[in-house]
Amino acid sequence: INPPNQMVDGSGLNRVACRAKGGSPGFKVAILGAAGGIGQPLAMLMKMNPLVSVLHLYDVANAPGVTADISHMDTSAVVRGFLGQPQLEEALTGMDLVIIPAGVPRKPGMTRDDLFNINAGIVRTLSEAIAKCCPKAVVNIISNPVNSTVPIAAEVFKKAGTFDPKKLMGVTMLDVVRANTFVAEVMSLDPREVDVPVVGGHAGVTILPLLSQVKPPCSFTQKEIEYLTDRIQNGGTEVVEAKAGAGSATLSMAYAAVEFADACLRGLRGDANIVECAYVASHVTELPFFASKVRLGRCGIDEVYGLGPLNEYERMGLEKAKKELSGSIEKGVTFAKK
Ligand code: NAI
């Protein structure tokens with residue numbers, strides 16, 4: 001087996017020449033928690049992404065099986081598996097993008113915050129390893145509660161002296177994907193043509209769809225606004241209840257995570273005008289983290305966009321979102337400083 005052809009481009013990222021004939025240089029991507037409900041379909045979809053040249057699959061369980069399985073797909077990304085803490089550093093070394101779906105999912109009756117005690121520790125450990133092994137990588141955090149796990153990762157990176165706010169993103173794309181789907185349903189549109197900005201955070205009332213800014217422009221009745229806002233905010237719970245104890249969204253989440261990761265990679269490649277919503281370090285409100293539209297570029301986040309004009313209903317939603325978000329951020333920061 002020929003080792004991949006290493007080269008470093010102007011952005012300082014290690015790239016590996018794509019093995020496919022005529023392929024463009026690809027990126028090295030690691031998935032931490034790759035054998036889980038989200039991790040497996042996410043790994044499969046990333047193996048299909050032509051921008052990925054090397055795919056590292058890390059988990060504390062079942063990583064070899066998932067790796068063997070996915071490595072047989074005849075796409076160009078080279079897949080390597082890593083099992084357990086002793087192999088974590090090797091899994092991360094040289095990565096351009098790290099996606100983290102590691103941790104426990106919700107069961108009926110649980111809020112995302114109920115996951116805090118287990119997932120906070122997992123994200124802290126994984127972030128410490130990222131700070132050590134690939135401090136320049138773009139990091140996509142999926143593990144819930146995202147409202148707190150992103151501040152935890154930021155604190156870990158600050159402590160290690162590697163924090164770059166342009167590189168750390170909480171994945172809120174599933175809220176956007178759901179919002180696009182539900183709005184398309186109500187308005188009888190093709191969901192692929194709908195774009196709903198969803199800002200705030202990623203839990204309950206912190207999920208704030210800006211229905212006044214939907215593209216293409218739509219005019220909703222107040223009843224439709226209330227129905228859509230409630231359904232978008234509680235889309236996760238809809239899936240948790242339907243799965244009746246078997247976990248939370250995995251397939252739609254993997255789809256959303258791949259959409260977001262692909263946007264990050266296109267940004268790193270230098271494509272123009274890559275704009276997605278994400279939960280990031282922010283000056284858009286008085287809170288240190290907030291989800292809004294961001295423009296992705298060669299260094300991660302090139303620009304964090306403001307919220308644009310809000311109507312009265314959205315302004316009220318924003319106040320509620322900020323109140324809850326503030327507590328979740330504080331909880332994450334306190335945990336990481338302990
Ligand atoms: P899962 O339980 O099916 O998979 C989690 C995987 O993480 C398992 O394979 C497990 O072995 C692994 N894991 C546990 N500890 C680990 C560690 N220290 N290092 C590496 N891997 C570790 O759970 P699922 O359904 O895949 O969900 C994962 C996370 O994603 C949960 O926290 C869930 O709440 C969150 N989630 C986030 C969403 C979002 O929109 N951001 C949407 C849906 C779920």
Side-chain angles (χ1 to χ4, degrees), residues 32-33 36 38-39 98-107 109-131 138-160 162-165 167-176 198-208 233-237 240 247-249 253 256-257 260 277-292 294 301 304 317-338:
L32 312 182
I38 296 168
V98 181
I99 311 174
I100 311 184
V104 291
R106 282 194 290 160
K107 301 259 160 72
M110 289 170 87
T111 66
R112 291 179 178 87
D113 215 39
D114 293 333
L115 305 173
F116 184 90
N117 289 334
I118 300 172
N119 292 354
I122 292 174
V123 170
R124 178 168 60 191
T125 305
L126 297 176
S127 301
E128 283 164 356
I130 291 168
V138 168
V139 179
N140 289 178
I141 296 193
I142 296 171
S143 313
N144 270 317
V146 165
N147 290 354
S148 304
T149 52
V150 170
I152 290 171
E155 283 304 314
V156 170
F157 296 156
K158 280 178 198 165
K159 212 181 282 177
T162 66
F163 181 53
D164 179 352
K167 305 269 172 145
L168 177 62
M169 303 153 204
V171 179
T172 58
M173 190 78 176
L174 182 54
D175 303 317
V176 174
V198 184
V199 303
H202 175 66
V205 298
T206 71
I207 300 170
L208 186 62
Q233 289 181 335
N234 296 300
T237 305
V240 168
S248 58
M253 180 61 236
F260 188 71
C277 289
Y279 180 66
V280 301
S282 171
H283 297 292
V284 165
T285 68
E286 63 276 25
L287 299 174
F289 296 91
F290 200 80
S292 65
V294 301
I301 299 161
V304 178
L318 177 63
E319 289 315 307
K320 269 193 235 163
K322 283 197 295 190
K323 202 164 164 224
E324 181 170 324
L325 204 43
S326 160
S328 304
I329 294 169
E330 188 54 41
K331 193 169 170 183
V333 171
T334 306
F335 173 86
K337 283 191 169 157
K338 252 193 311 202

Check the pair Val284, Val304 against side chain to side chain contact (heavy atoms under 4.5 Å, CB included), reporting the backbone distance first and the verdict last. CA-CA 8 Å; Val284 165; Val304 178; 3.8 Å; yes
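- In this structure, Thr172 contributes its side chain and Asp175 its backbone to no donor-acceptor pair below 3.5 Å.
- Atom CG of Leu287 sits about 6.5 Å away from atom NZ of Lys322, to the nearest 0.5 Å.
- With salt bridges taken as basic N to acidic carboxylate O contacts below 4.0 Å, none links Lys159 and Glu128.
- Between Asp114 and Arg106 the shortest side-chain heavy-atom distance does not fall below 4.5 Å.
- The closest side-chain heavy-atom distance from Leu168 to Val150 is below 4.5 Å.
- Between the side chains of Thr149 and Asn119, no donor-acceptor pair of N or O atoms lies under 3.5 Å.
- Using a 4.5 Å heavy-atom cutoff, the side chains of Phe157 and Ser127 are in contact.
- Heavy atoms only, all atoms of each residue included: Ala278 and Val294 are closest at CB-CG2, 4.3 Å.
- Between Leu325 and Gly200, the shortest heavy-atom distance links the atoms CD2-O, 3.4 Å.
- For the residue pair Ser143 and Ala102, the shortest heavy atom distance occurs at OG-O, 2.6 Å.
- Residues Phe335 and Ser148 are not in side-chain contact: their nearest non-hydrogen atoms beyond the backbone lie 4.5 Å or more apart.
- Side-chain atoms of Arg112 and Ser328 form no donor-acceptor pair, as typed in the model, at a separation below 3.5 Å.
- Remark: the Asn147 side chain and the His202 side chain contain no N/O donor-acceptor pair separated by less than 3.5 Å.
- Under the 4.0 Å criterion applied to side-chain N and carboxylate O atoms, Lys331 and Asp113 are assigned as salt-bridge partners.
- Taking OG1 from Thr206 and CD1 from Ile329, the interatomic distance works out to 9.5 Å, rounded to the nearest 0.5 Å.
- Within a 6.0 Å sphere centred on NZ of Lys158, heavy atoms belonging to other residues, nucleotides or ligands number more than 12.
- A pairwise comparison of heavy atoms in Val205 and Ala321 identifies O-CB, 3.5 Å as the closest pair.
- Atom CG in Leu32 sits 10.0 Å away from atom CD1 in Ile142 (nearest 0.5 Å).
- A 4.5 Å side-chain heavy-atom check between Val139 and Ile100 finds at least one atom pair inside the cut-off.
- For the atom pair Met253 CE and Phe260 CZ, the distance stands at 9.5 Å (nearest 0.5 Å).
- In this structure the side chain of Met110 never reaches within 4.5 angstrom of the side chain of Val240, judged on heavy atoms.
- Taking every heavy atom of both residues into account, Val333 and Pro151 meet most closely at CG2-CB, 4.1 Å.
- The two atoms that bring Ile301 and Val280 nearest to each other are CD1-CG1, 3.5 Å, heavy atoms only.
- The distance from atom CD of Glu324 to atom CD1 of Ile207, rounded to the nearest 0.5 Å, is 9.5 Å.
- Looking only at side-chain heavy atoms (C-beta outward), Val138 and Val98 stay at 4.5 Å or farther from each other.
- The distance from atom OG1 of Thr285 to atom CG of Leu318, rounded to the nearest 0.5 Å, is 7.0 Å.
- The backbone N or O of Ala336 lies less than 3.5 Å from no partner atom in the side chain of Glu155, so there is not a single donor-acceptor pair.
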